[in-house]
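By convention in this document, chain letters (A, B, ...) are assigned in the order of the sequence lines, proteins followed by strands, and residues within each chain are numbered from 1.
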Protein chains: 2
Amino acid sequence: MRTLDETDVEILRLLTEDARRPYREIAERVGLSSPAVSDRVTRLQDLGIVRRFTLELDRSKLRGGVPVLVELAVRPDAAAEMHEALAAADGVEHVFVASDPRVFFQARLPRADVRAFLAETFGAPPEAIVDYDVTVLTDVEWTPGTGGTDLALTCAQCGNEVDREGETLRLDGERYYLCCPSCRDEFEARYERFRAGAGAE
Amino acid sequence: MRTLDETDVEILRLLTEDARRPYREIAERVGLSSPAVSDRVTRLQDLGIVRRFTLELDRSKLRGGVPVLVELAVRPDAAAEMHEALAAADGVEHVFVASDPRVFFQARLPRADVRAFLAETFGAPPEAIVDYDVTVLTDVEWTPGTGGTDLALTCAQCGNEVDREGETLRLDGERYYLCCPSCRDEFEARYERFRAGAGAE
DNA sequence: CCTGAAAGAATTACGCG
DNA sequence: CGCGTAATTCTTTCAGG
């Protein structure tokens, strides 16, 4: 799989800012032609990095409900199924599955009636739920990665962020991004060992 | 301020599904012309309901960091400033401000080093933070409102959802949405009282 | 990845109820 | 004021290199 380059990251940044921006305008900014931008976007979608073009809505204007953050202590085996049910449930905006058997979700519910919501979503009584805790929210913010380094490349060697001082390496037609010369050298050496062991291609 | 109608909601649904969908295609589906759709979208933006056209990204593919949910107990007066600092910080995806003096945020951090992150974001030691608690996440999902009733109108009288059986009322050129005849009657009566008391306009 | 032509979409101007 | 139609302008897509 090909790695992303800085141009891809810039395209992502520009589209995150305004997903309806013409490809021609993006092309101008990144120094490519519009067909090239179009191709890259298609590739970013194929790679699953871009899941979809969508809207950022102010849900407080659409839904009268009270925003809540709910922490569920769940039966260890039930986390996956709860995740799905929650994602499909009405009013739920975010689902976070913890590494311990807990699931968090943020939602807007009529009258903050979490008990009723859980009963409706998981059946009554919801057997997979051991315990739950509700926090009423006054502010819910989603911060799409538009600012600076938020959409950054990660170093192929150490996983740290690759900034403008980073280096790029081309091996067998693939581009790799490295955060510093020492990572580049290590990576190159590792790559050579890999090649020697497994053969080219 | 004008209320939304079902057509607006359908437009929002279609754009949430694919924000780059041609207005002409949307127009066909909702039975309008493309300029009409364009006008409505502009209005939805002006009303602040559509914040922006953006991308839904698979951030796990872009950022190597560990996803965490952090609960901060903060000094009561500090919540607003923390909110801002967090929203601007690198790797932070969501910020939730509670009605009690707590702030939650979800982020992807290198090596899940929350202590370092907090020091960097709020200064060391971070005085506004009384305590904090970190949960490592295995799954982070954002559920854009595309499914069924998620993007629903709310009844001008009772705040409940307005579905296909709902009613619409036109008073002084404004459209109002009501979930049932009794809400419509109550709302109309309330409106008339308001008019009588405050005068028209 | 580029260029240039063809197809397609958005925007504008204008008229209607 | 919101909508439709039609002309204009701009964008995307496609073919070929």
**Asked** D/dC1 P sits how many Å from B/Leu32 CG, rounded?
**Response** 18 Å
**Request:** Look at the aromatic rings of A/Trp142 and B/Trp142 and report parallel, tilted or perpendicular, splitting at 30° and 60°.
**Result:** parallel
**Asked** Just how far, in rounded Å, is P of C/dA9 from CG of B/Leu15?
**Response** 15 Å
**Item:** A/Asp39 side chain reached by A/Arg43 side chain, heavy atoms, under 4.5 Å
**Value:** no
**Asked** Taking only N and O in the side chain of A/Arg40, is any of them less than 4.0 Å away from OP1 or OP2 of C/dC1?
**Response** yes
**Asked** Can you check the A/Phe53 CZ to D/dT12 C1' distance for me, whole Å?
**Response** 13 Å
**Item:** Heavy-atom side-chain proximity of A/Val140 to A/Arg59 below 4.5 angstrom
**Value:** no
With the criterion being N/O to N/O and under 3.5 Å, what pairs connect the protein with nucleotides 13-17 of chain D, and how long is each?
unit_1, atom_1, unit_2, atom_2, d
D/dT13, OP2, A/Ser38, OG, 3.1

**Message:** Let's see if you can work this out: which of C/dA10, C/dC2, D/dT12 has an atom nearest to the side-chain heavy atoms of B/Pro22?
**Reply:** C/dA10
**Prompt:** Going through the distances and angles, do A/Arg102 and A/Asp133 end up as a salt bridge (charged side-chain N to carboxylate O under 4.0 Å, His left out)?
**Reply:** CA-CA 11 Å; A/Arg102 282 183 301 161; A/Asp133 187 63; over 6 Å; no
**Request:** Could you tell me whether the side chain of A/Asp90 reaches within less than 4.5 Å of the side chain of A/Glu120, counting heavy atoms only?
**Result:** no
**Fill in**
Picking from C/dA10, C/dT3, D/dG4, the nucleotide nearest the side-chain atoms of A/Ser33 would be C/dT3
**Item:** Spacing of B/Ile11 atom CD1 relative to C/dA10 atom P, expressed in whole Å
**Value:** 13 Å
**Message:** Testing B/Phe117, B/Phe96, B/Tyr132 one by one against B/Phe105 for a ring-ring contact (aromatic ring centres under 6.0 Å, His included), which residue passes?
**Reply:** B/Phe117
**Message:** I want to check something: taking the side chain as every heavy atom from C-beta on, are A/Glu10 and A/Arg29 in contact at a cut-off of under 4.5 Å?
**Reply:** no
**Complete:** Axis-to-axis angle for the helix from C/dC1-D/dG17 to C/dG17-D/dC1, ends of five pairs each, to 10°, equals 30°
**Request:** Ignoring backbone atoms, establish whether B/Arg43 has a side-chain N or O less than 4.0 Å from OP1 or OP2 of D/dC1.
**Result:** no
**Asked** Over how many whole Å does the gap from A/Glu25 atom CD to D/dT9 atom C1' extend?
**Response** 16 Å
**Asked** Is there a side-chain contact between A/Leu86 and A/Phe122, using heavy atoms and a 4.5 Å cut-off?
**Response** yes
**Complete:** Between A/Arg20 and A/Val37, the residue closer to the 5' end of DNA chain C by nearest nucleotide is A/Val37
**Request:** Please state how far atom CZ in A/Arg24 lies from atom C1' in D/dT12, giving the value in whole angstrom units.
**Result:** 11 Å
**Asked** Under 4.0 Å between a side-chain N or O of B/Arg21 and OP1 or OP2 of C/dA9?
**Response** no
**B/Glu56: partners by salt bridge (charged side-chain N to carboxylate O under 4.0 Å, His left out), with sequence neighbours left out** = A/Arg51, A/Arg52
**Request:** Grab the CG-C1' distance between A/Asp18 and C/dA10 for me, whole Å please.
**Result:** 14 Å
